[in-house]
Structure formats: C-alpha cells, structure tokens
Amino acid sequence: MKIVFATNNQHKLDEIRSILGKDIEVVSLADIGCHEDIPETGNTLEENALMKAQYVYDHYHVNCFADDTGLEVEALNGAPGVYSARYAGGVGHDSQANMDKLLNELKDEDNLRARFRTVIALIEKKDVCPCGCTSIKQIHRFEGIVNGQITRQKSGAEGFGYDPIFQPDGYDKTFAELGTEVKNHISHRARATQKLAEYLKTL
C-alpha cells in the first residue's frame, strides 16, 4: 500500500517509515512533486494536521495523512503547544533557539511537567459520487501522548526538536539520549502512528 505523508522533514519520514514497516510505502511531498509551503495557520494541532492533509488531497487526489506535534508544558499553561516549531520566532524551525527560550522561561519554575502530543489526520479516498463530480472521502484522526518533564539542560545528540530537553516518564534519559530505536517505540508520534498503522492494515 502506498500513502502520502504531507511532509518533507526527513527526520519525520524516517521515524514514520520505521514505525509503519515495509508493508506500507510512505512517500513524501517531494516524491509527488509538491514543493509548496503548505499553510499551518490553525489554532490547534488538530486544525493544522487536517489543513495539511486537506491541501494534499485537494491538489493531488491521493490518500494522505499529515501530523502536527506540540510540546505542552504545565507551568506555561500548555505552551508552546501548536506554536512549538516556531516558538522562538523567526523563519524556519530553529530548535536551539526554541529550547533556549523554553529553558529561560522555566528557570524559576519548580514544576517541569510536560507532555508531547501528536495528532495525525488521515484523508482516505473512498469512492466517486454517482454523478462523477467529486470524490467521496473519509477523515480519520489519531492521537498519541507521552508524558514526562523538561530537563534543566540539553543532553543527547540524537533526535530533533525538543528531544534534548524532554525526559519521558519511566526513563532517566532524554529522548535525544535514548536513541531512535527506543524513541520509535515509546514516543507520542509512535503512539499516534501505531493507531494509524492498525487502521491502515484493515483496508
């Protein structure tokens, strides 16, 4: 089975492909010739994920899914949340700047509890309506959450994003120290993707 993942982020692609396995061929936006900067202007992870998947479906008419992930910190009332990738401002995803800003905002906080949350939106092309004017689609959503805490300092060289400062519950190392194999079994994206995989295997 082939399906489009609405991203060109190689880290995400590698992670998703590893989790879904060889039975499902995951192709990127670049693989289908999509090089546009798809808007992510939603106010929630759910809105952003669906927005990206809907764009691909409308323009390329293929089965596709998109994800959005946020780091939600208790002491910051759930921030950075939907703004996690661009928390420090500026253009692009500056992980170092994002982590530095977060650590600075938490320097006087005792509560370092946080969670990563991933939402996946899948749009499945089901059929064509009787008059042939449009296709009939189904939308599915899958969520994955991993709880943990923010560390005071960055630690570890693997992973990406906030991985060097997030320590999941039950472990004494950050995501960036645990490595890809462990992370791909326990992470928020892994949990959401497992739900996606279970559904795809029923098709």
Side-chain angles (χ1 to χ4, degrees), residues 1-21 24-72 78-95 97-98 115-127 134-146 159-163 175 183-184 187-201 203:
M1 178 182 183
K2 180 186 289 188
I3 191 167
V4 176
F5 181 18
T7 187
N8 279 322
N9 183 314
Q10 194 60 49
H11 290 294
K12 285 186 177 183
L13 284 164
D14 291 342
E15 198 169 274
I16 288 284
R17 285 168 175 159
S18 174
I19 295 166
L20 288 180
I24 300 171
E25 181 184 357
V26 179
V27 298
S28 68
L29 291 176
D31 291 331
I32 61 170
C34 178
H35 301 285
E36 291 83 3
D37 186 14
I38 301 176
E40 298 179 50
T41 55
N43 293 315
T44 65
L45 301 178
E46 289 81 1
E47 289 177 5
N48 275 346
L50 182 57
M51 190 178 298
K52 289 184 282 187
Q54 188 69 55
Y55 181 94
V56 174
Y57 184 85
D58 289 345
H59 288 79
Y60 297 89
H61 315 293
V62 292
N63 291 340
C64 61
F65 68 93
D67 79 320
D68 200 20
T69 294
L71 175 64
E72 300 172 341
V82 71
Y83 306 107
S84 295
R86 296 178 175 83
Y87 193 44
V91 178
H93 299 203
D94 189 335
S95 297
N98 289 338
R115 69 177 188 174
F116 266 122
R117 188 164 70 93
T118 289
V119 175
I120 292 176
L122 166 69
I123 299 184
E124 179 188 358
K125 188 174 183 179
K126 295 298 290 184
D127 208 342
T134 186
S135 60
I136 298 171
K137 66 185 179 184
Q138 284 188 352
I139 297 173
H140 308 271
R141 293 179 180 83
F142 309 94
E143 182 183 64
I145 294 173
V146 61
F160 59 98
Y162 294 90
D163 286 357
F175 267 160
K183 182 186 173 186
N184 284 354
S187 77
H188 43 295
R189 188 172 290 106
R191 292 172 180 178
T193 304
Q194 288 294 348
K195 294 176 184 178
L196 169 67
E198 289 168 10
Y199 175 75
L200 292 177
K201 290 174 182 176
L203 300 181

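Because the structure is a prediction, the values reported are computed rather than measured.
Of the possible donor and acceptor atoms, none in the side chain of N63 sits under 3.5 Å from a partner among the backbone N and O of E124. Remark: the backbone N or O of S84 is paired with a side-chain donor or acceptor of Y162 at under 3.5 angstrom. Although no hydrogens or angles enter the test, the distance criterion places no donor-acceptor pair under 3.5 Å between the side chain of K52 and the main chain of E40. Using a distance-only test at 3.5 Å, with no hydrogens or angles considered, no donor-acceptor pair links the side chain of R117 to the main chain of G70.
Nearest approach of I32 to Y60, heavy atoms of both residues: O-CE2, 3.6 Å. Annotation for G81 and E72: closest pair CA-CG, 4.2 Å, computed over non-hydrogen atoms. Across every non-hydrogen atom of K183 and A190, the tightest pair is O-CB, 4.1 Å. Considering all non-hydrogen atoms of both residues, I145 and R115 come closest at CD1-NH1, 3.4 Å. Taking both residues in full, the closest heavy atoms of A53 and A121 are given as CB-O, 3.8 Å, listed atom of the first, atom of the second, then distance. Considering every non-hydrogen atom in both P80 and Y87, the closest pair reads CB-CD1, 3.2 Å.
Interatomic distance, Q54 CD to K137 NZ, rounded to the nearest 0.5 Å: 3.0 Å. N48 contributes atom CG, which lies 8.5 Å from atom OH of Y83 (distance to the nearest 0.5 angstrom). Rounded to the nearest 0.5 angstrom, T193 OG1 and F5 CZ are separated by 7.0 Å. A distance of 7.5 Å separates CZ in R141 from CD in E46, rounded to the nearest 0.5 Å. Annotation: the span from I3 atom CD1 to E25 atom CD amounts to 11.0 Å, rounded to 0.5 Å. For the atom pair CG (L200) and CZ (F65), the distance works out to 7.5 Å, reported to the nearest 0.5 Å.
You'll find the side chain of L29 reaches within 4.5 Å of the side chain of N8, heavy atoms only. Between L45 and E143, the closest side-chain pair of non-hydrogen atoms is not below 4.5 Å. You'll find the side chain of I16 reaches within 4.5 Å of the side chain of R189, heavy atoms only. Contact of the I38 side chain with the V56 side chain is registered, since non-hydrogen atoms from C-beta on lie closer than 4.5 Å. For the pair R191 and F116, the minimum side-chain heavy-atom distance is 4.5 Å or more. Within the 4.5 Å cutoff, no side-chain heavy atoms of V82 are placed close to those of T44.
Ring orientation note: the planes of H140 and F142 are close to parallel, at an angle under 30° on the 30°/60° scale.
With sequence neighbours excluded, the residues forming a salt bridge (charged side-chain N to carboxylate O under 4.0 Å, His left out) with D31 are R17, listed by chain and number. Annotation: side chain to side chain contact (heavy atoms under 4.5 Å, CB included) contacts of N9 (sequence neighbours excluded): T7, H11, K12. A search for side chain to side chain donor-acceptor pair (under 3.5 Å) contacts involving Q194 returns nothing, not counting sequence neighbours.
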Before giving the answer on side chain to side chain contact (heavy atoms under 4.5 Å, CB included), spell out for K2 and V62 the whole-Å C-alpha distance, their side-chain angles and the decisive distance to 0.1 Å. CA-CA 10 Å; K2 180 186 289 188; V62 292; over 6 Å; no

For L50 and D68, what are the C-alpha separation, side-chain angles and deciding distance, and is it a side chain to side chain contact (heavy atoms under 4.5 Å, CB included)? CA-CA 9 Å; L50 182 57; D68 200 20; over 6 Å; no

